[in-house]
Amino acid sequence: MLVDNALADVRWPYVDPSGIQHGSVIESHWTDEALNEVGLWRLQYDAKPDGLVTVSAGPREWRGGQPWQTWTAEPVPASNEAVNDYRDQIFAQGTSVALTGGPTVPVDTRTQNDLTNIQGLVTFAQIKVADGNSDPFPFRGADNLTYDLTPAQLIELGLSVMGFRTGIYQAAWAVKADIAAGTLTDAAAIPAAFDTILGAAP
């Protein structure tokens with residue numbers, strides 16, 4: 001008979017000869033050797049596989065006189081939902097823009113609010129350019145530092161961010177096309193597929 005280690009927190013009352021009740025018999029009063037003598041063995045567990053896999057209980061094996069629970073891992077099938085999840089992870093990481101004649105600015109691209117903020121600043125910068133105003137304007141980077149950018153630099157930053165977003169969307173569409181064609185079947189391969197497509201982009 002196997003004694004599951006998960007029962008360690010179960011309170012199996014044990015009353016000693018003086019009538020005092022104690023905690024779990026298995027955890028507090030039985031060593032592995034004592035269990036084995038009465039035909040019990042404490043079940044040990046292999047580490048569960050991680051990553052994009054579906055884990056289920058595998059066969060139990062005997063090793064070194066102890067029973068071990070093994071696990072089986074099946075790849076998670078690639079899906080459009082998995083592509084979208086990875087695409088959004090990339091957006092959440094943001095991007096950095098090396099501005100002409102200026103600093104490299106890290107930019108948040110996590111949510112629609114981030115994009116709306118950038119689009120509003122770009123529109124404001126375009127108005128300033130049309131008025132012949134080149135005074136710098138403060139922009140808060142993803143590193144929580146303030147960058148004084150000229151209207152032209154703000155417009156450059158906005159165009160770069162939109163290009164970044166467009167490139168990621170196009171990569172996601174290409175990966176989804178591979179899934180539809182049956183050439184990409186494993187969700188764990190999605191990041192590498194993105195890397196290949198984005199690395200080949202001009």
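In this text the structure is predicted, and so the values were computed from the model without any measurement.
- Residues meeting the side chain to side chain donor-acceptor pair (under 3.5 Å) test with T100, sequence neighbours left out: E156.
- No donor-acceptor pair closer than 3.5 Å links the side chain of S96 to the backbone N or O of T104.
- For the pair R87 and F194, the cation-pi test (distance below 6.0 Å, angle within 45°) is failed.
- The closest side-chain heavy-atom distance from T109 to D114 is not below 4.5 Å.
- In this structure, Q170 contributes its side chain and G167 its backbone to no donor-acceptor pair below 3.5 Å.
- Considering only heavy atoms from C-beta on, N84 comes within 4.5 Å of K176 through its side chain.
- Note: the hydrophobic cluster containing Y45 does not contain W68 (ILVMFWY, side chain heavy atoms under 4.5 Å, direct or indirect links).
- Transitive grouping of hydrophobic side chains (ILVMFWY, heavy atoms separated by less than 4.5 Å) brings I118 and L145 into a common cluster.
- At a threshold of 4.5 Å between side-chain heavy atoms, the hydrophobic network of Ile, Leu, Val, Met, Phe, Trp and Tyr places L149 and L115 in one connected group.
- Between V105 and G141, the shortest heavy-atom contact is CG1-CA, 4.4 Å.
- Closest of all the heavy-atom pairs between A125 and I155 is CB-CG1, 3.8 Å.
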Quick one: do F91 and Y169 satisfy ring-ring contact (aromatic ring centres under 6.0 Å, His included)? Show the steps, please. CA-CA 10 Å; F91 287 151; Y169 273 116; 5.2 Å; yes

Could you walk me through whether V76 and D186 pass side chain to side chain contact (heavy atoms under 4.5 Å, CB included), step by step? CA-CA 6 Å; V76 173; D186 186 349; 5.5 Å; no

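- Here CG of D195 is found 12.0 Å from CD1 of I190. Values are rounded to the nearest 0.5 Å.
- Remark: side-chain polar atoms of W71 are paired, donor with acceptor, to backbone N or O of D46 under 3.5 angstrom.
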Assess the residue pair V122 and L154 against the criterion (side chain to side chain contact (heavy atoms under 4.5 Å, CB included)); give the C-alpha distance rounded to whole Å, side-chain angles, the decisive distance to 0.1 Å, and a yes or no. CA-CA 6 Å; V122 168; L154 271 173; 5.5 Å; no

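- Put simply, I168 and V161 are part of two different groups of oily side chains (I, L, V, M, F, W, Y) that touch within less than 4.5 Å, one to the next.
- Taking A174 as the reference, I197 meet the side-chain contact (heavy atoms from CB on, under 4.5 Å) condition, with sequence neighbours excluded.
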Which is it for M162 and L159 under the side chain to side chain contact (heavy atoms under 4.5 Å, CB included) test, yes or no, and what are the steps along the way? CA-CA 5 Å; M162 293 304 109; L159 290 174; 5.8 Å; no

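- Counting only residues at least two apart or on different chains, the side-chain hydrogen bond (donor to acceptor under 3.5 Å, both in side chains) pairs with a member in residues 139-148 are R140-T146, D143-Y147.
- Heavy atoms only, all atoms of each residue included: V97 and S160 are closest at CG2-OG, 3.5 Å.
- Heavy atoms only, all atoms of each residue included: A189 and L184 are closest at O-CD1, 4.4 Å.
- Cluster annotation: I179 and I90 are assigned to the same hydrophobic cluster (Ile/Leu/Val/Met/Phe/Trp/Tyr, side-chain heavy-atom contacts under 4.5 Å, transitive).
- For the pair P151 and I127, the minimum side-chain heavy-atom distance is 4.5 Å or more.
- Taking F124 as the reference, K128, F137 meet the side-chain contact (heavy atoms from CB on, under 4.5 Å) condition, with sequence neighbours excluded.
- Sorted by first and then second residue, the side-chain hydrogen bond (donor to acceptor under 3.5 Å, both in side chains) pairs with a member in residues 129-139 form an empty list; sequence neighbours excluded.
- Residues that satisfy the side chain to side chain donor-acceptor pair (under 3.5 Å) test with E61, not counting sequence neighbours, are R63.
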